[in-house]
Structures are given as C-alpha cells and as structure tokens.
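Only one structure is covered here, and it is reproduced in the block below.
Chain identifiers are assigned alphabetically (A, B, ...) following the order of the sequence lines, protein sequences preceding nucleic acid strands; residue numbering begins at 1 within each chain.
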Protein chains: 2
Amino acid sequence: MLSMNAPALATLTRLRTACSQCNLRELCLPVGLNADELNSLDNLVSTRRKIRRGDSLFYGGEPFSALYAVRFGFFKSTLTSGDGREQVTGFYMAGELLGMDGIGADRHTCTLTALEDSEVCVMPFARVEELSRRFEPLQRHFHKVLSREIVRDQGVMMLLGSMRAEERLAAFLVNLSQRLTTRGFSASEFVLRMTRDEIGSYLGMKLETVSRLFSRFQEDGMIEVHQKHVRILDIAGLRRVMAQAHSPN
Amino acid sequence: MLSMNAPALATLTRLRTACSQCNLRELCLPVGLNADELNSLDNLVSTRRKIRRGDSLFYGGEPFSALYAVRFGFFKSTLTSGDGREQVTGFYMAGELLGMDGIGADRHTCTLTALEDSEVCVMPFARVEELSRRFEPLQRHFHKVLSREIVRDQGVMMLLGSMRAEERLAAFLVNLSQRLTTRGFSASEFVLRMTRDEIGSYLGMKLETVSRLFSRFQEDGMIEVHQKHVRILDIAGLRRVMAQAHSPN
DNA sequence: CAATCCCGTTGATCCCGGTCAACCGGGTGG
DNA sequence: CCACCCGGTTGACCGGGATCAACGGGATTG
C-alpha cells in the first residue's frame with residue numbers, strides 16, 4: 001500500500017466493486033452481454049457494505065435511497081404491524097436483490113437483518129434508474145427482477161392461504177434446496193441460517209409445529225435433522241407431501 | 001358517423017384512449033405534469049378492451065405482452081398450483097394496474113377474471129419500457145407501482161401469516177372501504193363483487209367461516225350485511241378487531 | 001314469469017395446530 | 001473453562017376454524 005501511487009489505488013478500488021469481475025454476475029445482471037456492455041454497468045455499485053450477524057441493513061420506516069445485492073451471507077426481511085407483531089416475509093441469499101419495497105413510498109416498509117456475517121453491494125437507486133434509461137438490457141432485467149419478487153410473494157400467499165403446515169414446510173425445504181443448488185451449493189445438505197421461530201413466522205405456524213414436523217419428516221425417512229443441520233434424503237417425497245391435495249373437492 | 005371524414009375519425013379514436021383526458025389519470029399516471037408532458041403519454045395505451053363478467057383478461061401460462069389499467073369494473077387474480085388448488089391472490093378495481101406478474105418470465109403466472117362487466121386500457125409492454133426510458137417521471141412512476149405491488153403482497157403475507165380469521169376479515173373490510181373512498185365511492189356502504197368463497201380463498205379461510213364472521217360482526221353492531229350488500233357502521237371497531245394482538249408474548 | 005341453480009347461512013362435530021410446560025444440549029461470553 | 005442462556009424438542013391439553021350437512025332465498029336463464 002505504501003508504495004502505491006494514486007491511480008493504482010483507484011484501479012484497485014474499482015476492481016473491488018466491478019460487476020464485470022463478480023462471480024455472481026449471472027445471478028444479478030442480464031446475461032449475454034459483451035465486455036463493453038458489462039463495463040458500462042461497473043458504476044452501478046457505489047460501495048460495498050458489511051453487515052454483522054444480527055445487525056440490520058435497514059429498518060422499516062427508514063428513508064429509501066439504494067438497492068442492495070447480496071454478495072455473501074444470509075438475510076431475513078421482517079414486517080412489523082401496528083400492534084407490534086412481527087412477520088418474516090422472506091429469506092435472501094447471495095445474488096438476490098434487497099430493498100425493492102422502498103421504491104413505492106421512498107421509505108422502507110420492512111427491516112432487513114443479517115442472519116450471518118454478510119456483505120452487500122450498494123446500488124444508489126438514482127443510478128439504477130439512470131442506467132436503466134440509457135441501457136435497455138439493464139432496464140429489462142431490473143423490471144424482471146421486480147416482477148419476480150411479485151411472483152415470489154404470490155407463491156408465498158398461496159402457501160399461506162391454501163396449504164397445511166406439513167405441506168408448507170416441505171415446500172420451504174424444496175425451495176431452499178433449489179436456491180442453494182443454483183448457487184453451487186449442495187442440494188441435499190445444508191445449514192439452516194434461521195431459527196425455528198423465524199421459519200415458523202415465515203410459514204405461518206408456531207415454532208413447536210416446525211420442530212414437530214422436522215421430527216416427523218425424519219421419522220418418515222425424508223430428511224435428517226440435527227439442530228440447524230439438515231440433510232435431504234428424499235426430495236421426491238417432500239415434493240409429494242407439498243403437492244398432496246388434502247381435501248379432494 | 002356517415003358524414004365524418006377520415007381525419008375526424010382518427011381524432012375521435014385518439015380521444016377515446018387519451019390518458020390526458022381520462023378521469024382516472026391521478027390513479028394511473030404520475031401527478032404534477034403539464035399538458036405537454038401529459039400529451040407525450042397519450043400513446044401509452046394502444047386500445048381498450050371490454051371483459052364481460054366471468055370472462056378472463058388473461059390466463060396463467062399465457063404469453064405476456066401488455067400491462068392493463070382497469071378503467072371500470074372489478075377483477076380477481078387467481079393462482080393455480082400444480083395439484084389444481086386455486087388461490088385468490090388479489091382484487092383489483094378502477095385505476096389499478098394488472099399483469100405485472102408476467103414481466104419476469106414473459107408469461108403470466110396468474111389468471112385475471114372479471115367479477116363484473118369491466119374495461120381495461122391495454123398498454124403494450126414494449127411501449128411502456130420505451131416511454132419509461134425517454135420520460136423520467138413515467139419511469140419513476142412505473143417503478144413505484146411495481147414496488148407498491150410488492151408491499152401490498154407483503155401486507156397480505158402478514159395477514160395470512162400472523163392474524164386470526166376475524167382480524168383478517170376486519171382488515172379486508174377496512175382495506176376495501178379505503179380503496180373505495182379513494183375512488184370517490186362511499187366508504188361505508190358498498191356491494192361486494194366477489195363471493196364468500198373468493199373472500200375466503202383470499203383470506204385463507206373457508207367460506208363458512210367468512211359467513212359466520214359477517215354474522216358475528218353484525219351481531220356486534222359493527223356492520224350490516226345482506227348478501228353482497230355491506231354497510232359499515234363502526235369502522236373504528238373493525239380497526240380495533242384487526243389490531244388486537246391475541247397472544248400477548 | 002317460472003324454474004333452477006348457485007350462493008349464503010347456520011348447526012353439529014372433529015381435528016390440526018396452537019398453547020402451556022418441562023427439559024435438554026450446545027454455543028457463547030465472561 | 002465453566003456457567004448461563006437461548007434455541008430446540010417433546011408431551012399434554014385445548015380451541016379455532018375446517019368439515020359435513022341441511023336448508024333457504026335471490027338472481028339468472030329460458
């Protein structure tokens with residue numbers, strides 16, 4: 001560091017936040033771009049920010065200024081109702097976008113909390129919009145990301161509105177496994193970053209029910225659980241559980 | 001019509017779909033625009049489309065090509081899961097935007113069905129994106145609409161995940177009343193466009209429970225119900241019901 | 001105008017998941 | 001390194017809402 005001149009330092013900083021160099025590029029940005037096009041996106045990210053486990057990236061009610069892409073780590077988003085009840089509305093991992101709830105009212109509605117030491121790329125929203133106007137593939141991509149968040153939420157509504165507890169938990173495990181696979185992790189063995197209480201809140205059931213269902217799934221030979229460690233033994237079985245129509249009307 | 005020359009006819013068609021002349025402008029479009037700016041948005045809408053009660057605007061799985069703004073009428077959106085279960089994911093009225101679920105995968109995920117004879121403005125999505133790139137206030141507005149849909153969905157997740165049946169129904173009535181007020185209708189007296197079954201699906205409960213709760217609210221003097229006709233007598237009471245934390249942990 | 005069917009209401013019973021409680025084990029912080 | 005505390009598991013019991021069933025009335029359709 002001591003022997004570096006100013007331009008070299010600038011380059012180094014540049015590299016540190018260059019999307020074109022990021023191995024999560026395929027998750028965050030539009031695909032099929034050439035090097036030139038990619039470079040034009042390199043000033044999308046202003047800085048990076050580390051968030052320690054248990055700390056929050058932003059709180060509900062806070063003014064909105066930027067979107068965040070998870071570089072590594074794990075987050076939960078929570079919504080607090082007027083009377084203080086807290087609902088977990090989602091879990092987010094590497095390559096996923098946070099903060100889109102804030103655009104509508106220039107103020108975040110939910111709180112984003114790190115469930116393990118994490119790092120995010122900070123993308124000032126004004127910059128996102130400006131680059132979207134100038135760069136059609138980015139606009140397209142950004143709209144897709146927003147839309148997919150809507151679709152994801154509707155999926156959760158279906159989960160909560162029309163499925164039984166065991167179906168919901170099975171769906172949760174299958175979904176988690178899929179997302180981890182996309183990121184190159186094992187599909188069958190992983191460590192839960194959240195507590196039983198947080199899973200329960202997300203799935204609309206009590207922590208005791210989550211615990212009991214984990215035990216039941218284990219008895220049925222579909223999974224192996226030890227605390228936060230989960231091994232999936234029969235993903236087809238889980239899929240069967242989550243799809244079983246309980247009331248044949 | 002017989003005596004009209006071609007240009008005059010064109011003007012008439014133009015007027016028919018001109019956003020600048022629409023009385024729902026404040027609900028659909030960014031506010032605070034001057035006449036010139038408004039005129040530049042007039043080719044956002046290609047045509048209008050009437051949908052008869054019971055018919056669908058689009059179906060889940062269908063290719064996505066346009067967004068739709070409700071001009072008048074009432075819609076429900078439904079999601080059908082793999083095993084055929086149907087979940088109502090939302091109700092939409094005049095001035096609200098439909099079809100945003102389709103952007104993410106170029107294919108609609110939910111089905112939109114008219115619950116009364118309705119009409120929508122058809123906005124080809126390519127045109128929406130093009131105008132968004134050229135016209136910053138529209139871009140801003142469009143992003144806000146997308147974000148608000150996310151926030152709305154998260155609100156429903158909280159409803160379904162952490163509230164009891166009576167709280168959910170109270171919240172539903174309060175929300176309906178609010179949205180009708182915004183559109184200049186009576187806040188205290190309205191006709192439900194959907195059946196008990198559809199309300200139940202949306203709120204994650206059975207139609208019998210919806211019916212029983214309506215009766216209970218009526219006994220408690222908070223509402224008056226006769227079939228689809230509802231009169232709200234004590235909105236504060238409903239708000240109290242929807243906010244009551246049932247389990248003081 | 002009449003017939004039909006769907007929608008809504010209400011009662012009786014049941015069961016899934018919530019509630020309360022006790023215990024245990026492992027990770028964390030002093 | 002040890003103690004503490006939080007998170008997880010399991011059991012017993014309870015209750016809200018689902019299920020099953022019967023009936024009634026309005027609105028649509030021919």
Side-chain angles (χ1 to χ4, degrees), chain A residues 52-54 76 85-88 113 115-117 159-170 172 191-219 223-230 241-242 244-249, chain B residues 52-55 76 85 87-88 113-117 159-170 172 191-219 223-230 241 244-249:
Chain A
R52 200 160 309 171
R53 172 185 179 170
K76 69 168 176 181
R85 268 177 284 187
E86 195 175 290
Q87 166 82 16
V88 174
T113 308
L115 296 182
E116 60 180 346
D117 292 355
L159 210 80
L160 293 173
S162 70
M163 291 168 75
R164 304 153 40 104
E166 57 169 359
E167 302 174 271
R168 276 177 262 165
L169 189 63
F172 171 74
V191 175
L192 296 172
R193 254 65 230 216
M194 69 294 275
T195 66
R196 301 287 187 267
D197 197 26
E198 286 160 342
I199 297 174
S201 173
Y202 180 59
L203 296 177
M205 62 185 88
K206 293 289 140 181
L207 66 102
E208 293 94 329
T209 305
V210 176
S211 184
R212 269 184 251 275
L213 287 174
F214 271 144
S215 301
R216 170 128 50 97
F217 286 171
Q218 181 161 265
E219 282 164 34
I223 62 173
E224 237 178 77
V225 214
H226 298 103
Q227 311 291 125
K228 291 194 146 61
H229 221 94
V230 176
V241 169
M242 88 185 232
Q244 80 199 185
H246 53 291
S247 56
N249 301 339
Chain B
R52 200 158 310 167
R53 171 184 179 172
D55 288 349
K76 69 168 175 181
R85 267 176 285 187
Q87 166 82 18
V88 174
T113 308
L115 295 182
E116 62 179 346
D117 292 355
L159 210 78
L160 293 172
S162 70
M163 292 169 74
R164 301 153 40 104
E166 57 170 359
E167 300 174 273
R168 277 178 261 166
L169 190 63
F172 172 75
V191 175
L192 296 173
R193 253 65 229 217
M194 69 295 276
T195 66
R196 301 286 188 268
D197 195 27
E198 287 160 342
I199 298 174
S201 172
Y202 181 60
L203 296 177
M205 63 186 87
K206 292 289 139 179
L207 65 103
E208 293 94 327
T209 306
V210 175
S211 184
R212 270 184 251 274
L213 287 173
F214 271 143
S215 301
R216 170 129 50 97
F217 286 170
Q218 181 162 263
E219 282 166 33
I223 62 172
E224 237 178 75
V225 215
H226 298 103
Q227 311 292 125
K228 292 194 145 62
H229 222 95
V230 175
V241 169
Q244 81 197 185
H246 53 290
S247 55
N249 301 339

Does [X] get its side chain close enough to the base of [N], under 3.5 Å, for a donor-acceptor pair?
{"X": "R212(A)", "N": "dT19(C)", "result": "yes"}
{"X": "E198(B)", "N": "dC7(C)", "result": "no"}
{"X": "R216(B)", "N": "dT9(C)", "result": "no"}

Looking across every strand, which nucleic acid part, if any, lies under 4.0 Å from G204(A) by heavy atom: base, sugar-phosphate, or nothing?
->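 Result for G204(A) = sugar-phosphate.
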
Can you find a heavy atom in the side chain of [X] that is under 4.5 Å from one in the side chain of [Y]?
{"X": "R85(B)", "Y": "M163(A)", "answer": "yes"}
{"X": "F172(A)", "Y": "V210(A)", "answer": "no"}
{"X": "I199(B)", "Y": "M205(B)", "answer": "no"}
{"X": "L192(B)", "Y": "Q227(B)", "answer": "no"}

The side chain of [X] lies closest to which of these nucleotides: [options]?
{"X": "S211(B)", "options": "dA18(D), dT9(C), dT19(C)", "result": "dT9(C)"}
{"X": "E208(A)", "options": "dG17(D), dA21(C), dT10(C)", "result": "dA21(C)"}
{"X": "R196(B)", "options": "dC16(C), dT9(D), dT9(C)", "result": "dT9(C)"}

First of L213(A) and Q227(A) reached from the 5' end of DNA chain C, by closest nucleotide |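 Its nearest nucleotide lies further toward 5', so the answer is L213(A).
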
Before giving the answer on salt bridge (charged side-chain N to carboxylate O under 4.0 Å, His left out), spell out for K206(B) and E208(B) the whole-Å C-alpha distance, their side-chain angles and the decisive distance to 0.1 Å.
-> CA-CA 5 Å; K206(B) 292 289 139 179; E208(B) 293 94 327; over 6 Å; no

Using the C1' atoms of the five pairs at each end, what is the angle between the end axes of the helix from dC1(C)-dG30(D) to dG30(C)-dC1(D), to 10°?
->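 The end-segment axes of the helix from dC1(C)-dG30(D) to dG30(C)-dC1(D) are tilted 60° relative to each other.
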
Under 3.5 Å donor-acceptor, R196(B) side chain and L207(B) backbone |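 No; zero donor-acceptor contacts below 3.5 Å.
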
Distance-only, no hydrogens or angles: does the R168(B) side chain make a donor-acceptor pair with backbone N or O of L203(B) under 3.5 Å?
->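 Between the backbone of L203(B) and the side chain of R168(B) there is a qualifying donor-acceptor contact (under 3.5 Å).
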
Does a side-chain N or O from [X] land closer than 4.0 Å to OP1 or OP2 of [N], or not?
{"X": "T195(A)", "N": "dG7(D)", "answer": "no"}
{"X": "R53(B)", "N": "dT28(D)", "answer": "yes"}
{"X": "K228(A)", "N": "dG7(D)", "answer": "no"}
{"X": "S215(A)", "N": "dT10(D)", "answer": "yes"}

Spacing of [X] atom [atom1] relative to [N] atom [atom2], expressed in whole Å:
{"X": "L192(B)", "N": "dA27(D)", "atom1": "CG", "atom2": "P", "answer": "14 Å"}
{"X": "E167(B)", "N": "dG16(D)", "atom1": "CD", "atom2": "P", "answer": "12 Å"}
{"X": "M205(A)", "N": "dC16(C)", "atom1": "CE", "atom2": "C1'", "answer": "12 Å"}
{"X": "D197(A)", "N": "dG18(C)", "atom1": "CG", "atom2": "C1'", "answer": "13 Å"}
{"X": "I199(B)", "N": "dC7(C)", "atom1": "CD1", "atom2": "C1'", "answer": "12 Å"}
{"X": "L207(B)", "N": "dA21(D)", "atom1": "CG", "atom2": "C1'", "answer": "13 Å"}
{"X": "H229(A)", "N": "dT9(D)", "atom1": "NE2", "atom2": "C1'", "answer": "19 Å"}

Check the pair M194(A) / K76(A) against side chain to side chain contact (heavy atoms under 4.5 Å, CB included), numbers first and verdict last.
-> CA-CA 8 Å; M194(A) 69 294 275; K76(A) 69 168 176 181; over 6 Å; no

